Amino acid sequence: DAGVIQSPRHEVTEMGQEVTLRCKPISGHDYLFWYRQTMMRGLELLIYFNNNVPIDDSGMPEDRFSAKMPNASFSTLKIQPSEPRDSAVYFCASSNTGGEQFFGPGTRLTVL
Amino acid sequence: EDQVTQSPEALRLQEGESSSLNCSYTVSGLRGLFWYRQDPGKGPEFLFTLYSAGEEKEKERLKATLTKKESFLHITAPKPEDSATYLCAVRKSSGDKLTFGTGTRLAVRP
């Protein structure tokens with residue numbers, strides 16, 4: 001039974017470039033969450049969806065960040081333009097009825 | 001504002017030396033308290049959910065307990081493979097978001 005799948009696992013890019021992170025949630029889960037983890041701030045919720053609809057994006061740091069969920073099995077988090085302070089590990093998690101969340105392996109983003 | 005504070009930040013134990021990790025929380029209406037384990041380079045792995053004061057759950061050498069203000073993760077006779085960062089999170093009754101603490105880094109020496 002596949003868990004949450006994220007791609008790419010590592011991304012190195014230069015400041016100003018567009019970055020797209022991808023997530024496939026666990027089949028049958030109706031909630032999807034995007035988090036960012038840094039040493040300084042820990043694990044922060046960026047945005048979450050319920051049944052493909054964005055419910056709360058109050059954690060999205062600024063307009064450079066956007067997220068979409070076109071269907072129940074796919075979501076993207078886009079950063080345009082990227083900045084060095086965006087360097088972090090980005091996690092996607094999914095859950096059933098908003099209970100226990102199951103996390104993917106993360107994408108380590110480095111912006112030079 | 002919801003707050004989750006974990007202590008200690010780091011803990012070093014000898015193999016077999018039992019101890020407890022603390023998670024203190026402030027939330028308006030607790031809908032669930034969650035414990036996760038995170039290994040380096042990996043995503044958090046779900047361990048337990050606790051819903052009401054007095055509840056306890058166990059898994060191998062781990063036991064989680066809950067009061068109205070805090071939760072403890074007790075580790076009995078730990079082994080080196082228990083070394084990880086342990087995160088707790090709360091979910092309040094009015095939403096679906098989890099608020100995470102900053103974690104306790106546990107190192108168990110053989």
Side-chain angles (χ1 to χ4, degrees), chain A residues 1-10 21 23-26 29-60 88-110, chain B residues 1-10 21 23-25 27 29-52 55 57 59 62 64 66 71 73 84-106:
Chain A
D1 188 16
V4 174
I5 298 172
Q6 292 187 246
S7 65
R9 293 295 312 278
H10 302 274
L21 311 182
C23 175
K24 177 179 170 55
I26 293 172
H29 282 188
D30 55 352
Y31 283 81
L32 184 139
F33 303 82
W34 281 102
Y35 290 88
R36 179 171 67 177
Q37 187 175 43
T38 61
M39 289 293 294
M40 291 296 294
R41 300 175 66 91
L43 200 58
E44 302 174 283
L45 177 67
L46 300 176
I47 184 172
Y48 79 94
F49 296 82
N50 178 217
N51 291 322
N52 312 337
V53 176
I55 302 300
D56 187 337
D57 65 353
S58 60
M60 297 285 260
V89 181
Y90 291 81
F91 289 104
C92 173
S94 69
S95 75
N96 191 11
T97 66
E100 296 87 6
Q101 296 180 18
F102 296 88
F103 284 75
T107 295
R108 181 173 296 276
L109 174 64
T110 302
Chain B
E1 184 180 328
D2 302 339
Q3 278 200 317
V4 180
T5 303
Q6 292 189 245
S7 62
E9 288 187 15
L21 313 182
C23 173
S24 298
Y25 63 91
V27 64
L30 182 70
R31 193 173 176 185
L33 185 140
F34 302 80
W35 281 99
Y36 285 82
R37 168 191 172 128
Q38 187 174 22
D39 293 296
K42 296 189 176 181
E45 175 189 347
F46 170 72
L47 293 174
F48 304 108
T49 308
L50 303 167
Y51 293 102
S52 57
E55 188 175 359
K57 288 198 176 169
K59 180 180 180 180
L62 301 177
L66 181 65
S71 177
L73 185 65
T85 295
Y86 290 86
L87 299 165
C88 78
V90 297
R91 180 186 180 196
K92 64 182 181 183
S93 57
S94 59
D96 301 305
K97 298 194 294 186
L98 295 186
T99 301
F100 279 85
T102 52
T104 294
R105 293 189 313 278
L106 174 66

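This one's a predicted model, so the numbers in the text were calculated from it and none came from an experiment. Values below: every heavy atom of this structure, side chains too, minus hydrogens, waters and symmetry copies. Note on naming: letters A, B, ... go to the chains in the order of the sequence lines (proteins, then strands), and numbering restarts at 1 for each one.
Between A:F91 and B:Q38, the shortest heavy-atom contact is CZ-NE2, 3.5 Å. In terms of heavy-atom proximity, A:Q101 sits nearest to B:D96 at NE2-O, 3.9 Å.
Interatomic distance, A:Q37 CD to B:F100 CZ, rounded to the nearest 0.5 Å: 9.0 Å. Note that CE of A:M39 and OG1 of B:T102 are 10.0 Å apart. Values are rounded to the nearest 0.5 Å. Atom OG of A:S95 sits about 7.0 Å away from atom CZ of B:R91, to the nearest 0.5 Å. Between atom CZ of residue A:F33 and atom NZ of residue B:K97 there is a gap of 10.5 Å, rounded to the nearest 0.5 Å.
Only the side chain of B:Y36 comes within contact range of chain A, with at least one heavy atom under 4.5 Å from a heavy atom of that chain. If you measure heavy-atom distances from B:E45 to chain A, you find no contacts under 4.5 Å at all. Interface remark: A:T38 contributes no atoms to any contact with chain B (heavy atom separation under 4.5 Å). When heavy atoms are compared at a cutoff of 4.5 Å, A:L43 approaches chain B by way of both its backbone and its side chain. With a threshold of 4.5 angstrom between heavy atoms, A:R41 does not approach chain B through any atom at all.
Within 6.0 Å of CZ on A:R108 lie no more than 12 heavy atoms contributed by other residues, nucleotides or ligands.
Within the 4.5 Å cutoff, the side chain of A:Y35 has no heavy atoms near those of the B:P44 side chain.
Taking A:P105, A:G42, A:G106 one by one and counting their heavy-atom pairs under 4.5 Å with chain B, the maximum is reached by A:P105.
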